[in-house]
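Structure first, commentary second.
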Amino acid sequence: MKLKLSIILLFFVTISLVLPLKNSAQVAKGGKKISSDLLGLFFEDINYAADGGLYAELVQNRSFEYNLEEKRDWNPFSYWEFVQPGHSIGHLSVETKLPIHPNNPHYIVVDAEFIGNYPQFKGEAGVGLKNSGFDGMVVREGEKYNFSMFAQQITDVPMDFLISLQTPKGEILAQTKLKTSDKTWKKYAGTLTATASSDSASLVVLAKTSGQFAIDMVSLFPEKTFKNRPNGLRADLAQKLADMQPRFIRFPGGCLVHGNGLGNMYRWKNTIGPNEERKGQRNIWGYHQTAGLGYFEYFQFCEDIGAKPLPVLPAAVSCQNSGGTHVIGGAGQKALGIDDMDEYIQEVLDLVEWANGPVTSTWGAKRAAAGHPAPFNLEFVGIGNEDKMTPEYEKRFRMIVKAVKEKHPEITIIGNSGPFHSGADFDKGWQISNEMQVPIVDEHYYVQPEWFLANQHRYDKYDRKKGKVYLGEYASWGNKLKNAIAEAAYITGMERNGDVVHMASYAPMLAKKGFTQWTTDMIFFDNVNICLTPNYHVQKMFMTNQGDYYFDKVITKDESNNLLAASCVQDSKTGDVIVKLVNVGNDAKIMKVDLSRFKNMLSNAEIIQLSGSADAENTFDNLQKVTPIKSAFKAKSKFDYEAPAMSLTVIRIKTK
Ligand code: AHR
């Protein structure tokens with residue numbers, strides 16, 4: 001018996017000794033520990049990034065809440081059509097008296113007076129509504145689509161409905177039947193299976209029996225969303241983000257965070273719970289935001305792709321450009337009244353409870369009710385987005401930071417430093433955050449590629465005793481290869497300074513073709529295609545090749561030439577050694593690589609390279625013009641590498 005016990009004990013001791021070795025490999029001597037959260041993503045609902053974009057809902061204006069304050073020619077029936085095929089007769093009105101929920105006040109009442117019955121009419125007669133989504137719905141043969149609507153039968157007898165997907169010519173691609181059963185609001189759902197494909201389908205909800213009914217929240221989702229999540233994300237777009245393996249995702253912006261005036265600030269509580277109870281609003285970029293892709297969907301997506309959530313909450317002030325634009329300026333920053341601050345601070349604290357609290361807590365219970373009893377392990381909370389550093393801001397920022405630190409010392413707070421890389425707001429933002437000992441400060445800058453080249457050593461000089469940097473928004477103006485390669489050079493500088501630059505995210509992330517408010521973006525898309533910019537490829541090449549130890553003196557190059565940049569990191573989990581070589585010039589250049597400090601390198605390495613002409617870019621007509629190429633590489637402990645003109649080269653070498 002004793003022998004048996006000691007054998008079991010020996011087994012567990014051996015396992016516990018072996019396991020840590022498997023989880024972390026040997027790191028070479030002389031490396032500097034750098035952030036393991038360095039590169040992530042920035043998400044903002046700008047350029048139709050959410051509704052009509054990443055959010056997979058196919059119906060536009062599903063809740064009949066579009067209105068002329070959002071766009072001059074919008075109303076609750078925008079993007080809908082009243083249909084009465086087969087010489088049917090009916091009427092329609094927009095009502096607000098008895099909504100499903102006060103956050104969703106408008107709905108439609110249809111009086112289907114007469115359903116046509118002419119024998120010579122070959123189609124489906126009826127009275128109802130048609131929606132073509134965001135410029136036509138994309139439907140694929142054999143795929144399933146989940147339909148739902150809230151309806152209230154006003155007539156005493158149950159009514160029959162035909163729900164169909166149709167081509168512009170009226171050919172039926174998929175259909176299902178529903179029957180109402182209730183005189184109060186009730187959710188009805190059905191599945192449509194497409195028998196053919198179309199890029200320009202419409203959804204038609206047709207009453208097949210005469211009578212009156214109210215209708216709201218008409219929704220259609222492909223069954224195949226990313227990871228098949230209900231109320232989920234467009235699978236192809238989400239996959240492109242997942243492929244990048246980001247370490248974190250910032251949400252919900254951007255200026256969208258602090259909003260266009262106080263009433264427009266992004267309030268996270270409005271974006272959780274059942275869709276019909278969420279509060280949509282005109283977002284700061286001038287269109288309707290349903291909040292269907294809200295906090296829950298965001299946290300779920302982070303978890304699904306192994307990224308840490310980084311929510312940013314308003315610092316109780318609105319955007320300084322409120323009421324105007326970045327170009328013309330606006331009515332200025334507005335601040336919540338001091339009397340409202342207790343309530344607002346509680347809202348910030350409640351987010352932490354919602355994300356991390358036990359299911360027995362008030363807000364943890366709401367997370368569990370949404371289907372996620374386990375905590376989301378929130379680590380970071382950003383306070384404020386590139387705010388103007390007014391006394392009103394400062395007072396509120398300090399109040400919020402103090403409260404979060406006291407109640408949740410485990411949360412890492414991220415402060416902000418205004419919209420530019422320098423200047424009065426930048427200095428003041430850093431000063432306030434440093435005084436409050438805020439551990440990380442968010443910097444933003446959109447500049448010319450030349451700026452990135454001239455400032456590659458910006459962070460070499462940062463005081464390591466102060467807060468760390470989160471470069472929360474940055475991009476060089478343009479999506480040509482030369483922009484992306486200049487950014488690549490700059491990122492090597494961030495890796496070199498990964499002890500003080502804790503995080504960085506390129507912005508904005510998504511832009512729908514024909515619906516952009518911001519022209520330099522990482523991924524362009526339409527309903528069918530995805531156009532990855534060279535900037536995306538650079539981000540992905542760095543993100544999928546992050547390390548947590550930085551090594552200097554590995555690469556020798558002409559230091560007087562700021563068109564050349566390089567870095568070397570090692571990933572302590574795998575032991576992989578990763579070398580990045582950047583040449584922003586128009587001629588190939590030799591760089592000398594000395595890897596002799598790394599032991600046990602395997603010679604079969606991989607190289608991935610992005611190169612081309614400076615002005616090359618990807619377009620919807622040529623999606624692959626600038627694309628990285630992978631090849632095998634025989635690694636030696638010392639070698640010379642000729643970096644092609646305008647290129648980023650990543651060499652990844654495994655160790656035993
Ligand atoms: O990324 C686009 C915008 O740029 C963001 O909303 C804002 O924070 C910045 O000015």
Side-chain angles (χ1 to χ4, degrees), residues 39-51 53-54 241 246 248-261 264-266 281-287 289 293 298 310-315 317-330 332-333 381-389 393 397 414-426 429 440-448 451-452 469-479 483 487 503-512 515-525 533 535-536 539:
L39 299 174
L41 293 173
F42 162 98
F43 176 84
E44 177 168 28
D45 188 4
I46 183 173
N47 309 319
Y48 276 61
D51 296 292
L54 187 58
L241 305 176
F248 65 89
I249 307 178
R250 174 192 178 117
F251 180 93
C255 284
L256 191 99
V257 168
H258 51 187
N260 193 4
N264 193 244
M265 288 192 315
Y266 196 100
Q281 63 172 350
R282 177 193 198 267
N283 77 18
I284 196 167
W285 300 106
Y287 58 92
Q289 164 189 316
L293 197 180
Y298 155 60
L310 194 174
V312 181
L313 301 171
V317 295
S318 68
C319 179
Q320 53 271 24
N321 298 310
S322 291
T325 66
H326 282 270
V327 183
I328 63 169
Q333 183 189 74
V381 170
I383 304 295
N385 174 69
E386 58 176 59
D387 294 297
K388 189 152 187 57
M389 299 292 147
Y393 160 85
F397 176 80
I414 302 179
N416 87 94
S417 62
F420 306 113
H421 52 67
S422 53
D425 287 328
F426 179 84
I440 303 181
V441 178
D442 184 15
E443 296 188 351
H444 291 182
Y445 37 89
Y446 297 91
V447 285
Q448 296 301 335
W451 187 96
F452 282 108
V469 176
Y470 165 37
L471 179 51
E473 291 185 32
Y474 72 101
S476 75
W477 288 117
N479 287 122
N483 298 95
E487 287 154 12
M503 303 166 123
S505 46
Y506 180 97
M509 183 168 83
L510 292 171
K512 187 163 195 176
F515 295 89
T516 50
Q517 293 87 44
W518 194 275
T519 47
T520 295
D521 302 289
M522 193 170 76
I523 301 175
F524 290 83
F525 63 92
T533 61
N535 317 66
Y536 169 92
Q539 290 291 328

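Along the sequence shown, residues carry numbers from 1. Just so you know, ligand 1 is whichever comes first in the structure, and atom 1 is the first atom listed for that ligand. This is a predicted model, so every value here is computed, not measured.
Shown in contact with E386 at under 4.0 Å from a heavy atom are these atoms of ligand 1, numbered in order with element: 7 (C), 8 (O), 9 (C), 10 (O). Against a heavy-atom cut-off of under 4.0 Å, P508 is close to the following atoms of ligand 1: 1 (O), 2 (C). Taking every non-hydrogen atom of Y446 and a distance limit under 4.0 Å, the qualifying atoms of ligand 1 come out as 1 (O), 2 (C), 4 (O), 9 (C). Listed by number with element, the atoms of ligand 1 under 4.0 Å from a non-hydrogen atom of C255 are 5 (C), 6 (O), 7 (C), 8 (O). Those atoms of ligand 1 with a heavy atom of G254 less than 4.0 angstrom away are 5 (C), 6 (O), 8 (O).
Scored by the side-chain hydrogen bond (donor to acceptor under 3.5 Å, both in side chains) test, E44 finds W285 as partners (sequence neighbours excluded). Residues satisfying the salt bridge (Lys or Arg N to Asp or Glu O under 4.0 Å) criterion with D51, sequence neighbours excluded, are absent altogether.
Nearest-residue assignment for atom 9 (C) of ligand 1 (options H258, E473, E44; heavy-atom criterion): E473.
Using a 4.0 Å cut-off between heavy atoms, N385 contacts ligand 1 through its side chain alone, with no backbone atom that close. Contacts between Y506 and ligand 1, counted as non-hydrogen atom pairs separated by less than 4.0 Å, are absent for every part of the residue.
Although no hydrogens or angles enter the test, the distance criterion places a donor-acceptor pair under 3.5 Å between the side chain of E487 and the main chain of S476.
Ring geometry for Y474 versus Y506: interplanar angle over 60°, hence perpendicular rather than tilted (30 to 60°).
The closest side-chain donor-acceptor pair between E473 and Y446 falls under 3.5 angstrom.
Residues E443 and Y470 form no side-chain contact, since every pair of their non-hydrogen atoms from C-beta on lies 4.5 Å or further apart.
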